[in-house]
> 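Have a look at this one before I ask anything.
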Amino acid sequence: MGANDERGRRRMPRWVPPGVEVARNYRRDWLVPDLRAGIVVTALLIPAGMGYARVAGLPPETGLYATIVPLLAYALFGPSRILVLGPDSALAPIIAAAILPLAVGDDERAVALAGLLAIMVGAILLLGGVLRLGFVTDLLSKPIRVGYLNAIALLVLISQVPPLLGFSVDGDSPVAEVVAIWSALVGGEAEPIAVAFGLGSLVVIVGLTLLRSPVPGVLVAVVAATLLTWILGLDERLPVVGALPAGLPAPALGGLEWADVPGLALPAAGIALVAFTDTAVFSRSLAARRGETVSGSAEMAAIGSANVASGLFGGFPISASSSRTPVAEQAGSKSQLTGVVGAVLLVLFIVLAPGVTEFLPSATLAAVVVTAAARLIDVRGFVRLVGMDRVDAALSAAAFVGVFVFGVIEGIAVTIGLSLLAFVYHSWRPYRAELGRVTGLRGYHDLSRNPEGERIPGVVIVRFDAPLFFANGGLFDDFVRSRVVAAGPEIRTVILAAEPITDIDTTAVDEFVELDDWLASRGIHLVIAEMKDPVVDVLRRYGLADRFTPDRFAPTVGAAVDEVTGTLRGDLEGTKWDGNGPERPDGPERPGGPERPGGPERPDGSEQPDR
């Protein structure tokens with residue numbers, strides 16, 4: 001993006017919808033990819049909308065309305081540039097369970113209830129966006145995203161095997177579905193013609209992608225399969241998508257009463273949670289892969305706006321699509337214009353050519369989804385996690401198993417809980433170090449990593465790399481006491497390098513006071529170095545200002561040692577550098593010393609925490 005575009009972006013007020021900002025800074029080289037992606041993704045929008053409407057117990061045309069209107073709304077309000085919204089397999093069963101008992105077999109009432117449900121879902125999400133509750137997505141770390149996307153990809157692949165091979169199965173879970181697929185294959189239920197179209201489409205899509213064809217393989221496969229089915233008259237011998245129903249999006253909220261609202265309140269809250277969590281994880285994952293950032297609160301408000309719009313014009317609750325979005329990305333989508341193109345094409349199809357999809361094989365659509373979902377699989381990312389951090393790898397595996405076995409929301413809830421436990425575990429047993437002098441090295445360093453290092457006579461310097469809270473206060477106390485005991489009876493001062501301690505809670509502060517009392521009983525003075533002002537304020541708020549007086553705090557470890565020894569460490573034997581730098585010509589070096597050639601160092605002169 002050019003300099004003028006960047007200046008224009010900076011001048012945009014915060015209240016301006018993201019779609020307006022993208023339009024203002026739109027680049028010409030995005031147009032062709034966006035048009036191409038919009039055309040390609042339309043081939044999936046049609047059957048997906050109709051199919052999920054049936055699952056929700058609604059007429060098929062409502063699925064198209066729940067695609068057209070949200071795409072336009074999200075193009076204006078959505079923060080993600082390529083996210084494709086529409087009916088979702090995770091929401092459809094919840095919608096059916098919510099509205100069908102209240103509709104009592106009346107299709108028109110069912111449509112109205114679905115619209116009301118979408119409006120209520122949207123209102124909940126809009127309120128969450130205004131209150132900036134999107135921070136919940138910050139709990140979804142990289143390991144969770146890797147596991148989530150891998151599980152989503154596998155679920156999509158499993159669901160597409162039956163249509164790819166020309167048969168159908170029933171299964172209450174992915175495992176049951178896999179068993180049913182295997183039984184169908186063993187029983188010879190695969191349709192040869194459907195297999196030929198499905199596998200042939202896969203070959204075309206993958207082949208043209210590998211050859212980097214300027215014409216998308218998805219588009220070639222869809223057009224070719226449709227033409228062959230029509231020319232050879234195969235629509236009676238293999239499953240096809242079928243003709244589009246007539247009708248355009250319009251309000252369909254007649255016959256509703258206020259009494260309907262309480263009955264839909266709980267389902268609306270549940271759908272809002274599912275829709276936002278699913279969308280937020282997917283949006284953040286895609287943004288991270290593209291080097292972009294997405295605000296969780298902005299995403300929440302955008303999904304809310306799209307749901308309200310869907311409900312007002314004959315649709316039902318929607319969320320992001322984990323199958324159609326990858327197709328748009330694969331086709332080169334650059335901005336929300338892709339969704340607008342898809343919405344416009346859907347309208348044109350409904351009005352001008354509702355029978356075009358009558359000859360599109362379901363096997364070809366399955367091949368399109370399979371190739372798109374396969375791109376979400378990140379085995380290398382998981383392998384890297386295994387090599388980097390076993391806890392993160394375990395979190396990723398838990399996300400995968402949770403989503404695959406229990407469902408998207410249940411799986412993510414489990415992994416968020418595991419993430420919090422992992423955080424508590426790391427904070428409960430953080431890295432701890434005793435620091436000392438190392439000849440020829442500036443500052444103070446971990447003696448366990450530098451066996452040649454030495455304690456300063458009469459002084460123990462300790463570092464605890466975590467906030468002090470109820471779970472690790474006792475560990476901190478025990479660690480400091482053990483270092484003092486190991487150093488011997490000549491110790492008269494303990495210096496706490498407190499820079500990593502970013503907070504102290506009411507439980508840990510009791511341990512801190514007990515430690516101070518224990519040290520004082522042995523004639524040992526505790527000095528706190530580099531403690532951040534907000535943490536000092538916490539101690540004062542706890543009523544400890546009289547105990548921990550200003551003279552007990554030092555700006556740096558070096559300054560604390562200077563005060564204790566009464567001389568600059570540069571004058572001590574065996575050291576080349578004082579932790580605060582060599583003495584300046586006009587007097588003692590200021591705390592922190594001069595910067596090294598590589599840039600400023602940490603206040604205690606050390607490298608990053610030794611681990």
Side-chain angles (χ1 to χ4, degrees), residues 15-23 38 41-42 45-46 48-50 52-53 56 58-59 61-88 91-92 95 98-99 110-130 134 247-254 256 261 264 267-268 271-272 274-276 278-280 283 297-321 324-325 335-347 350:
W15 52 265
V16 173
V20 174
E21 183 179 357
V22 171
V41 80
T42 301
L45 296 176
I46 296 167
M50 295 169 61
Y52 293 144
L58 297 166
E61 62 270 19
T62 59
L64 300 179
Y65 305 157
T67 303
I68 295 170
V69 179
L71 283 176
L72 296 175
Y74 192 81
L76 180 61
F77 298 108
S80 174
R81 289 189 176 183
I82 66 167
L83 205 63
V84 176
L85 267 60
D88 183 71
L91 302 185
I95 297 170
I99 65 173
V111 172
L113 289 169
L116 174 60
L117 184 62
I119 293 172
M120 293 173 64
V121 169
I124 293 172
L125 292 173
L126 280 171
L127 179 61
V130 171
L248 290 176
L253 298 172
L256 293 175
V261 174
L264 296 177
I271 291 173
V274 172
F276 172 62
D278 197 7
T279 300
S283 174
S297 298
E299 193 70 79
M300 182 178 282
I303 298 298
S305 300
N307 271 282
V308 170
S310 177
L312 289 174
F313 289 93
F316 50 83
I318 53 86
S319 69
S321 169
R324 284 149 278 171
T325 300
S335 75
Q336 294 95 327
L337 181 60
T338 295
V340 175
V341 171
V344 171
L345 288 178
L346 280 180
V347 171
I350 293 173

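In what follows, residues are counted from 1 in the order of the sequence shown.
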> What's the shortest heavy-atom distance between Val121 and Pro317, and which atoms?
CG2-CG, 4.3 Å
> To the nearest 0.5 Å, what is the distance between CD1 (Ile124) and CE (Met300)?
10.5 Å
> Within this structure, what is the CZ-OG distance for the pair Phe276 and Ser319, rounded to the nearest 0.5 Å?
12.0 Å
> Could you pull out the closest heavy-atom pair between Val111 and Pro59, with the gap in Å?
CG2-CD, 3.7 Å
> Leu256 versus Val261: any side-chain heavy-atom pair under 4.5 Å?
no
> Could you tell me whether the side chain of Leu71 reaches within less than 4.5 Å of the side chain of Val84, counting heavy atoms only?
yes
> Nearest 0.5 Å please: distance from the CD1 atom of Ile271 over to the CG atom of Leu91.
6.0 Å
> Going by heavy atoms in the side chains, are Ile119 and Asn307 under 4.5 Å from each other?
no
> Looking only at non-hydrogen atoms, find the nearest pair between Ala302 and Phe77 and report the distance.
CB-O, 3.3 Å
> Between Leu253 and Leu312, does a side chain to side chain contact (heavy atoms under 4.5 Å, CB included) hold up when you go through it step by step?
CA-CA 7 Å; Leu253 298 172; Leu312 289 174; 4.2 Å; yes
> Quick check: closest heavy atoms across Val69 and Ala309, and the distance to 0.1 Å?
CG1-O, 3.3 Å
> Specify the closest pair of heavy atoms between Ser283 and Ser80, including all atoms of both residues, with the distance to one decimal.
OG-CB, 3.8 Å
> Do any N or O atoms from the side chain of Ser310 and from the backbone of Ala306 form a donor-acceptor pair under 3.5 angstrom?
no
> For the residue pair Ile82 and Thr338, establish whether any side-chain heavy-atom pair is separated by less than 4.5 Å.
no
> Quick one: does any side-chain atom of Thr279 pair with a main-chain N or O of Ala320 as donor and acceptor, under 3.5 Å?
yes
> Taking atom CG of Leu248 and atom CD1 of Ile68, what is their separation to the nearest 0.5 Å?
7.0 Å
> Between Pro70 and Tyr65, is there a side-chain heavy-atom distance shorter than 4.5 Å?
no
> Using side-chain heavy atoms (C-beta onward) and a distance below 4.5 Å, is Arg324 in contact with Pro87?
yes
> Does Asp88 reach the side chain of Ser321, with side-chain heavy atoms less than 4.5 Å apart?
no
> Where do Ile303 and Leu85 come nearest, in terms of heavy atoms and distance?
CD1-CD2, 3.7 Å
> Which distance, rounded to the nearest 0.5 Å, do you find between the CD1 of Ile99 and the CG of Leu58?
4.0 Å
> Between atom CD1 of Ile350 and atom CG of Leu64, what is the distance when rounded to the nearest 0.5 Å?
4.5 Å
> Given side chain to side chain contact (heavy atoms under 4.5 Å, CB included), test Thr42 with Ile46 step by step and report yes or no.
CA-CA 6 Å; Thr42 301; Ile46 296 167; 4.2 Å; yes
